[in-house]
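Have a look at the structure below before the remarks.
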Amino acid sequence: MGIEGQRIVRATGVFAGATLLSRILGLLRDISISWIFGAGAMTDAFFVAFAIPNFFRRLVGEGSLTVAVVPVYTDYLTGKKGGREEAFRAILGATILVLAILVGVGIWMSPFLVRLQVFGWKNAGTLSLTVNLTRICFPYLFFVSLVALMMGILNAHGHFFAPAVSPCLLNLSLIGGAIVSPLFNPPILALAWGVVLGGVLQLLLQIPFVTRRGLSVYPTFDLGHPAVKEVGKFMLPMAFAASVFQINQIVNRLLASYLPHGSISYLYYADRIFELPIGLFAVALGVAVLPSFSRYASRGDLEGLRAEVADSLRLSLFLTIPSMVLLIAFGKPIVAVIFQHGAFGPRDSVLTAQALLAYSVGLWAYGGIQVLSRAFYALKDPRTPVKAALVASGVNLTFGMLLMGPLRHSGLALANSLSAVCNFLLLFLWFDRRIGLRKGELVRGVGSTLFCSLPVIPWLLFIKGMGKWLSEGSSFGTVLLLLLGVLGALGIFLGLSFFSGSRELRGLLCGVFGRIPSAPEE
């Protein structure tokens, strides 16, 4: 593993560590919400309302703005182009203008956006509540998208911690909102105001780190600046390609609105657990590789890019395949321990675990998508990921409609997984045709990872059989059993990886403990 590879591992570790803290708080947030509100019409209303600006955040924020800014700003940072501060201030000004318009239109169109997602809802009171919650939540998009812009700038400078840790502030705000919810009428309004406060706090956290890089946060409204034009050129296709998962989630919510109430909540709670390994490994690696891939592309070093893409794919599969095995074999205990208390009962645990199982099948593909899409973005080619995303969205809609009858909400989650697999395979094929991939190395890496992951299953099934998960929920005994199962599985996997001479494990250890030169700052 070369210097860039070690930088990728180190950056992935930093981002994953901060993300882990955020995810822990996120789980506490969801535990608070499930404890106080359970799973029903009120939580469905909030989850739909929060999902609308959150979708646009993925679309406009880190889904497109972050990934568009990094390769463009890298050209200024590495000296290929001059005037990096002027470029940043112009991009900042253009972003503020676009976001102000988008938020205003979103608030105005909230009734239409809500109805678009929940055609199957008939209760006028639930619909009205959802619209009000959506209007309160929409300004969150403005603040968090500016966070995404600064995330791209900081990532290009080699700084990953502040952007990764900032979601902790949103989670804390929502926990606080759940606690004070009895003061609101209806109580669910407290969560919507917590969303807005969380966005403000996240933005305030980024500003000192940006100014330390010699950048002024006072915008200029120079829409004709070359950097603004270049970012704008890439943003639209990147927005769709990077946000296909969110588009699929909207389709799932729309279809789930025709299922019994609670289905949207089951998908949401399952997705929250599923997003833990996605955020820790897939997204963290995707964030880490983009600056390194962009440096190779900026220098025209396609051989170096090819090698780093192959190494990053192997690392992604090394992290996501055992995570997939864990969630498939141990999903019900995980759901019961995390969520089963208060208004969230055993039946809710079973139905949520079914959705989690279906989501988990495609976990490995999401990791590969993060790597391969970033490689195309570094090459300033957003069109190829768009084509793959279009096909994948069609797969999700088709299988969602076919599977929601026999499998209910779990069929929608499975359609999501099939869509991700399709997206990954298309990106893999097209990148191999364009630059080439070291397929032999990838096959050996996957084989080694599977060899070390599969022996984990008997251990997990043994621990699963020891616990009274649905009757005891999150009791002290089940918590200990859950920790024993997860830590034991981790030990088995890492032990087998060590004795089999896993290249990925050696690279991780080298990246974490080795001394690595800093990424170029100026």
Side-chain angles (χ1 to χ4, degrees), residues 29-30 32-60 99-144 170 173-200 246-247 249-269 271-272 342-344 348 351 404 408-409 412:
R29 174 193 80 185
D30 292 329
S32 302
I33 294 173
S34 65
W35 192 320
I36 295 173
F37 296 102
M42 189 174 293
T43 53
D44 281 0
F46 171 71
F47 293 144
V48 169
F50 183 35
I52 293 173
N54 206 38
F55 165 73
F56 284 105
R57 185 262 299 184
R58 296 282 180 95
L59 195 72
V60 177
L99 290 174
I101 295 171
L102 185 59
V103 169
V105 172
I107 293 173
W108 174 56
M109 294 188 64
S110 288
F112 170 76
L113 294 173
V114 169
R115 175 56 73 180
L116 190 65
Q117 290 203 86
V118 288
F119 281 139
W121 284 9
K122 305 301 182 184
N123 188 295
T126 303
L127 285 170
S128 177
L129 174 62
T130 307
V131 170
N132 290 337
L133 293 172
T134 302
R135 284 174 167 157
I136 295 172
C137 289
F138 235 107
Y140 168 75
L141 172 64
F142 180 86
F143 301 109
V144 80
L170 172 64
S173 294
L174 285 171
I175 292 171
I179 292 172
V180 303
S181 61
L183 302 177
F184 288 76
N185 186 23
I188 202 74
L189 288 176
L191 296 183
W193 286 112
V195 167
V196 178
L197 176 61
V200 173
Q246 295 303 308
I247 293 172
Q249 294 292 75
I250 284 184
V251 171
N252 284 355
R253 281 191 294 272
L254 190 154
L255 295 177
S257 69
Y258 290 94
L259 299 175
H261 270 304
S263 297
I264 292 176
S265 297
Y266 301 138
L267 289 171
Y268 172 83
Y269 289 128
D271 178 60
R272 293 305 302 161
F344 197 98
D348 299 321
L351 295 174
M404 66 180 289
R408 314 293 276 183
H409 64 286
L412 300 178

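Only a predicted model underlies this, so the values are computations on that prediction, with no experimental measurement involved.
Taking OG of S110 as the start and CG of L133 as the end, the distance is 10.5 Å to the nearest 0.5 Å. Taking CD1 from I264 and CZ from F46, the interatomic distance works out to 13.5 Å, rounded to the nearest 0.5 Å. To the nearest 0.5 angstrom, I188 atom CD1 is 10.0 Å from D44 atom CG. The line from CH2 of W193 to SG of C137 is 9.5 Å long, rounded to the nearest 0.5 Å. For the atom pair CG (L255) and CZ (R408), the distance works out to 12.5 Å, reported to the nearest 0.5 Å. Note: L174 CG to S181 OG = 11.5 Å, rounded to the nearest 0.5 Å.
Counting heavy atoms from C-beta on, the side chains of I52 and F138 come closer than 4.5 Å. Looking only at side-chain heavy atoms (C-beta outward), F112 and R115 stay at 4.5 Å or farther from each other. Contact of the P187 side chain with the P182 side chain is not registered, since no non-hydrogen atoms from C-beta on lie closer than 4.5 Å.
Judged purely by atom type and a 3.5 angstrom limit, S128 has no side-chain atom pairing as donor or acceptor with the backbone of G125. In this structure, T134 contributes its side chain and T130 its backbone to a donor-acceptor pair below 3.5 Å. No side-chain donor-acceptor contact under 3.5 Å links R57 to the backbone of L141.
Across all their heavy atoms, A256 and S263 have their closest contact at O-CB, 4.1 Å. Across every non-hydrogen atom of G177 and A190, the tightest pair is O-CB, 3.2 Å. Between R29 and I175, the shortest heavy-atom distance links the atoms CA-CG1, 3.5 Å. Contact record, F50 with V195: CE1-CG1, 3.7 Å, taken as the closest heavy-atom pair. A178 and L191 get closest at one heavy-atom pair: N-CD2, 3.7 Å. Here the closest heavy-atom approach between residue L129 and residue A45 is recorded as CD2-CB, 4.1 Å.
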message: Determine whether L113 and W108 satisfy the following criterion, side-chain contact (heavy atoms from CB on, under 4.5 Å), listing intermediate values before the conclusion.
response: CA-CA 10 Å; L113 294 173; W108 174 56; over 6 Å; no

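No hydrogens or angles considered: nothing links the side chains of Y269 and D348 as a donor-acceptor pair under 3.5 Å.
Using the six-membered ring where Trp is involved, Y266 and H409 have ring planes that are tilted, between 30° and 60° apart.
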